[in-house]
Amino acid sequence: MLQLQVIREDQGDLVKAFKKRNLDAAPLLENVKKLDEERRSLQTRLDAVLAESNSLSKSIGELFKKGEVEKANAMKARTSELKEESKSLNESLGQAASDLEAALYLIPNVPHESVPAGTSDTDNEEIFREGDIPVLGEHALPHWELAKKYDLIDFEWGVKITGSGFPVYKGKCARLQRALIAYFLDKNTEAGYTELQVPHLVNEASGFGTGQLPDKEGQMYELASDPLFLIPTAEVPVTNLMRDTILDNSDFPVRYTAYTPCFRREAGSYGAHVRGLNRLHQFDKVEIVRVEHPDKSYEALDGMVEHVKTILRELQLPFRILRLCGGDLGFTSALTYDFEVFSTAQDRWLEISSVSNFETYQANRLKLRFRDEDKKTRLAHTLNGSALALPRVLAGIMENYQTEEGIRVPEVLIPYTGFDMIN
RNA sequence: GGAGGAAUGGCAGAGUGGUCGAAUGCGGCAGUCUUGAAAACUGUUGAGGGUCACACCUCCGGGGGUUCGAAUCCCUCUUCCUCCGCCA
């Protein structure tokens, strides 16, 4: 959530910035300002009542000590008046505070100045492209056909034991997936990220911390028997590790990587675009998460982009990088780069990574701060990215590496798979 | 799952109704000394709200209660520890 201070001190720049998101923020911001003033005025009044009550209590104590019981008892009358008053003020204050919070939750992150205006994914700005798109010929198959041909993924089995969108990977494909996970983790570790294994269930507080709650609970699976959620991404548990934390300036950079399955309830549409591995309820992903000094976060973002590039380069997959436009930018993100791999057999780009800087938006909810040079506590910046999401990388490899003899295994993965051809 | 015990500042650990935002030690920071460092000594050192700055207010695991007044008493929840049971 946005910092109140930013909204209080705003000179109209915010409204302008939110236009890129096609959002008329003026009424939202005005509402927040109004509620903030209400809250503060209630707080001031409550503080005054409590101050009087505190000092009376002290006097009463002293009077009792001196044995002036009558005087003390006389003062008690005033105290109980104050108590009533503080009780009702406190209730109003609680209401005002939660109204204010609710109003703040409605405001998305401020887009970075480099974010292009636009309404949908067609307005995203391509900033980089690399790799040769293989020529496959007419016999080329999309990955769901390849999965059948070589008996690699069983979607029906998944339906049988769970439901649609929960595929079962078999044989060499399962092995290939395991190889990719190990390879990604190794690359991330090499790049300075510390590997973590984290729980795949999180509590409510964690959902709030990274912004899945209160609005997007429909996207997460919730347990019926306990107030826990299956994680939609490793971002949630990993970033929340640092909730309610004050880092030291020397703790930067904080860099973690984690492999987890990801669970998404989102129904999605049906048709070619969600066939096969394109859209699933459960998939695997290796995530990278950073916490940075505000002065360094964009440098860090660039570093993450470069890092993902080197992985795709090694896998020899044709890819491009998009800078998301305001209309496509996630609610909590200030700047996001999407990586897409070209699938020749599907003749379309597949999103395989999303790298974002959240600036202080998540940190504000998380109360993730650091002590700066002057020893003041300030909010840190959080960033994360996929390095990488498995299913579409797998699809890209299957489709782009297919030959008459079978599916070749990318060079860098052979040490992990132990075989060089799936057939 | 059963029986006990515990939860206090970065850490350790006092504090059982007012003089407690909280002793003491360690750690951190600043200074004295030193060519420099260490040691020693001195000072300083929680977070949030509020204010031009003070004042003032809140916070001793979470929530509720008793009381003029709660870290301290009561209820409740959560978590941790010990013992027993079960189990990968």
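The chains referred to below are lettered A, B, ... by the order of the sequence lines, with proteins before strands, and numbering in each begins at 1.
For A:Phe283, the ring pair (Phe, Tyr, Trp, His ring centres under 6.0 Å) criterion is met by no residue, not counting sequence neighbours. Take A:Pro237 and apply the side-chain contact (heavy atoms from CB on, under 4.5 Å) test, not counting sequence neighbours, and it matches A:Val198, A:Val202, A:Ile231. Partners of A:Thr119 by side-chain hydrogen bond (donor to acceptor under 3.5 Å, both in side chains), not counting sequence neighbours, listed by chain and number: A:Asp123. Shown here are the side-chain contact (heavy atoms from CB on, under 4.5 Å) partners of A:Ala380, two or more places apart in sequence or in another chain: A:Phe252, A:Val291, A:Leu368, A:Phe370. Residues satisfying the side-chain hydrogen bond (donor to acceptor under 3.5 Å, both in side chains) criterion with A:Tyr298, sequence neighbours excluded, are A:Glu359. A search for ring pair (Phe, Tyr, Trp, His ring centres under 6.0 Å) contacts involving A:Phe319 returns A:Phe128, not counting sequence neighbours. A:Glu91 meets the side-chain contact (heavy atoms from CB on, under 4.5 Å) test with no other residue; sequence neighbours excluded.
Note on residues 236-258 of chain A: no pairs pass salt bridge (charged side-chain N to carboxylate O under 4.0 Å, His left out), not counting sequence neighbours. Residue pairs meeting the salt bridge (charged side-chain N to carboxylate O under 4.0 Å, His left out) criterion with at least one partner in residues 3-28 of chain A, sequence neighbours excluded, are A:Arg8-A:Asp36.
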Could you write out each protein N or O paired with an N or O of nucleotides 55-57 of chain B at a distance under 3.5 Å?
{"residue": "B:C57", "atom": "OP1", "partner": "A:Asn54", "partner atom": "ND2", "Å": "3.0"}
{"residue": "B:C57", "atom": "O2'", "partner": "A:Asp47", "partner atom": "OD1", "Å": "2.8"}

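Look at CD on A:Glu37: it is 17 Å from P on B:G49, rounded to the nearest Å. A:Leu63 places its CG atom 17 Å from the C1' atom of B:U67, with the value rounded to the nearest Å.
Dashed line: the shortest gap from a side-chain N or O of A:Arg8 to OP1 or OP2 of B:G50 is under 4.0 Å.
Proximity note for A:Arg369 (side chain, C-beta onward) versus B:G18, B:G49, B:G48: the nearest is B:G48. For A:Ile60, taking side-chain heavy atoms from C-beta onward, the closest of the listed nucleotides B:C68, B:U51, B:A47 is B:C68.
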Per-nucleotide protein contact along nucleotides 7-13 of chain B, 5' to 3', at a 4.0 Å heavy-atom cut-off (B base, S sugar-phosphate only, - neither), is -------

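Taking a 4.0 Å limit (strictly below) on heavy-atom distances, residues 74-87 of chain A reaches RNA chain B at A:Lys76, A:Thr79, A:Lys83.
Remark: A:Lys172 is not positioned above the aromatic ring of A:Tyr150, lacking an NZ or CZ atom under 6.0 angstrom from the ring centre and at most 45 degrees off the axis.
A tilted orientation is assigned to the rings of A:Phe166 and A:Tyr221, their planes being inclined by 30° to 60°.
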